[in-house]
Every structure is written in structure tokens, then in C-alpha cells.
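Below is one structure, written out as C-alpha cells; comments come after it.
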Number of protein chains: 2
Amino acid sequence: MLPDAYAADCPSRQILNRIGDTWSVLVVVMLADGTHRYTELARRIQGVSPKMLTQTLRGLERDGLITRTVHPVVPPRVDYALTSLGQSLYGLVEGLEKWAEAHIDDVQAARTAYDAAQA
Amino acid sequence: MLPDAYAADCPSRQILNRIGDTWSVLVVVMLADGTHRYTELARRIQGVSPKMLTQTLRGLERDGLITRTVHPVVPPRVDYALTSLGQSLYGLVEGLEKWAEAHIDDVQAARTAYDAAQA
DNA sequence: CAGGATCCTTGCCGATACTG
DNA sequence: CAGTATCGGCAAGGATCCTG
């Protein structure tokens with residue numbers, strides 16, 4: 001059963017799905033300060049399995065948000081970097097962070113009040 | 001296993017989770033144009049089960065994003081509306097939509113190119 | 001009308017082992 | 001080093017039935 005058509009396949013939803021994905025956001029944030037290798041990403045983003053990291057990187061690459069550069073050397077070396085589109089998306093994430101920092105106290109207060117009222 | 005501590009419980013992640021939730025966003029968008037009843041939301045947001053709708057509404061209420069007003073009449077009538085905090089969040093969603101509309105063509109083109117390269 | 005309770009499926013994701 | 005392949009657990013979420 002599909003959700004409302006006015007939101008199922010619209011551009012917004014696709015972006016929302018990406019934004020809502022934990023690993024994707026973390027990768028984008030990490031790459032915001034420059035190129036990184038696979039292992040660097042894996043080490044810094046603690047808790048991510050090879051499977052999920054690869055899957056996330058492939059998805060971001062497919063969407064044109066990051067580039068994947070394979071250096072034909074041994075041992076292998078693969079670099080990941082944001083495209084300009086990816087940097088643009090990072091701008092959005094920064095906007096979200098600003099909003100979050102500005103309003104998290106209100107949200108926390110609301111939660112506390114709500115939970116107290118349920119007791 | 002927790003993801004990177006610098007992102008697990010930070011304000012950004014909590015907002016990201018909310019933004020990434022399909023039903024929450026749809027509810028916020030629907031309430032952006034005014035107060036609506038439970039059934040109105042259920043009918044308009046096609047495909048949502050009573051369970052998920054209630055769960056979503058409770059979550060939004062707990063976070064102080066919407067208000068829930070029970071009218072003591074028969075048959076029951078419950079109105080939902082955005083708080084000012086919820087309206088502020090809606091502003092964020094609008095920003096995402098603008099970005100999505102502006103860049104979806106690039107993303108689509110990247111996907112097509114990527115898929116073609118795999119064949 | 002506005003949900004609460006229950007059951008049950010599915011698909012996401014983590015852990016692990018293996019390879020060019 | 002940079003992945004791929006496979007298995008299994010677990011929780012989100014859908015369908016359904018029931019009630020104040």
C-alpha cells in the first residue's frame with residue numbers, strides 16, 4: 001500500500017530519505033572537510049559495518065553526491081570526496097544542525113512536560 | 001554497537017530522525033494549512049494505518065510540535081494543530097523541498113549515468 | 001469518531017568469514 | 001586495503017479486530 005501520491009515519489013521524499021539515513025549523513029559530514037579513504041571513514045564512523053559503509057557509499061555515488069576514485073596500486077587505495085552537489089547537500093545539513101541547536105531545548109522541555117503529564 | 005558518539009545523541013540526529021520519518025513529515029505538511037481532525041488526516045494521508053497515525057501524532061505531540069485538543073462531545077472530536085515550534089520545523093521542510101526541486105534533476109541524471117555504467 | 005491491543009510479516013541491519 | 005557474500009536477529013510497521 002502506497003502512501004499519499006503527493007508525497008510518495010516526489011523529489012522531497014527522496015531527499016528526505018537520504019537526510020534521514022544515519023550513515024549517509026555521517027559520511028557527508030566527514031567528507032565535508034576533504035577527501036578520505038575507505039578505512040578512514042570506517043575507523044572514524046564507529047559502529048558502521050563494512051557492508052553498510054559500502055552500501056552507503058554506493059548510494060551516495062549513484063546520486064552524484066560523492067566521487068569514488070580507485071588508484072591502481074598495491075595495496076589498493078580508494079578515495080572518496082564530495083561533489084559540488086554533495087557540498088550543496090552538506091549546506092542543507094548545516095542548516096538542519098543550526099535549527100536543531102536553536103530548538104533542541106524547546107523539544108527537550110516539551111518531552112519532559114509530556115512525560116510528567118503521563119505519570 | 002553505537003554509532004560515532006559525536007552523532008549518536010546530538011540534537012542534529014534527533015531532528016534528522018524526525019525529518020526522515022515519512023508519516024511525521026506528511027502530518028506536519030498537512031497541518032501547515034490549519035487544524036485538522038484525526039479522520040481528516042487518516043483520509044488524506046493514504047496508506048497510513050491507525051496505529052502508525054496515532055503513534056506519529058503522539059511523537060509529534062511529545063516533542064511539542066503539535067497540539068492535541070479533545071472536545072468532550074459525542075461523537076468524539078479531536079483536533080490537531082501545529083505549535084509555533086511545529087511551524088518553525090515546517091519552515092525547515094519547505095527549505096528541503098526547495099533544495100530538492102532545485103537539484104532533483106542533477107540527482108536523476110547522476111543515477112541514470114551510474115546505472116548505465118554498470119550495465 | 002478516535003483510537004487501543006494483538007498478531008505477524010518483512011526487510012533492515014549487524015556480525016562474521018572470505019577474496020582480489 | 002577495500003571490499004563481497006552469507007546468515008541470522010530484531011524491531012518497525014501493516015492488517016485486523018475491538019472499545020469508550
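Atoms considered below: every heavy atom in the structure, side chains included; atoms not considered: hydrogens, waters and symmetry mates. Quick note on labels: first sequence line is chain A, next is B, and so on, each numbered from 1.
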Output yes when a side-chain donor or acceptor of Arg58(B) lies under 3.5 Å from a complementary backbone atom of Leu53(B), and no otherwise.
-> no

Atom [atom1] of [X] to atom [atom2] of [N]: distance rounded to whole Å?
X	N	atom1	atom2	answer
Glu61(A)	dA2(D)	CD	C1'	14 Å
His36(A)	dA2(D)	NE2	C1'	17 Å
Arg18(B)	dA12(D)	CZ	C1'	15 Å
Tyr38(A)	dT19(C)	OH	C1'	14 Å
Gln118(A)	dG4(C)	CD	P	10 Å
Asn17(A)	dG11(C)	CG	C1'	15 Å
Leu53(A)	dT4(D)	CG	P	11 Å
Asp79(B)	dC1(C)	CG	C1'	12 Å

Which nucleotide in [options] has an atom nearest any side-chain atom of [X]:
X	options	value
Pro50(A)	dA2(D), dT4(D), dG14(D)	dT4(D)
Thr54(B)	dG3(D), dG13(D), dG4(C)	dG4(C)
Gln55(B)	dT4(D), dG13(D), dG14(C)	dG13(D)

Does OP1 or OP2 of [N] have a side-chain N or O of [X] closer than 4.0 Å?
X	N	result
Trp23(A)	dC12(C)	no
Tyr80(B)	dG3(C)	yes
Arg68(A)	dA2(D)	no
Arg43(A)	dC1(D)	no
Arg37(A)	dA2(D)	yes

Any side-chain heavy atom of Val28(B) sitting closer than 4.5 Å to one from Leu82(B)?
-> yes

Starting at the 5' end of DNA chain D and moving along, which residue's nearest nucleotide shows up first, Arg77(A) or Lys51(A)?
-> Arg77(A)

Toward the 5' end of DNA chain C, by each residue's nearest nucleotide, Met52(A) or Pro76(A) | Met52(A)

According to a 4.5 Å side-chain heavy-atom criterion applied to Ile, Leu, Val, Met, Phe, Trp and Tyr, with indirect links allowed, do Leu92(B) and Val29(A) form part of one hydrophobic cluster?
-> yes

Looking only at non-hydrogen atoms, find the nearest pair between Pro76(A) and Arg37(A) and report the distance.
-> O-NH2, 3.5 Å

Between Gly59(B) and Arg18(B), what is the shortest heavy-atom contact and its length?
-> O-NH2, 3.3 Å

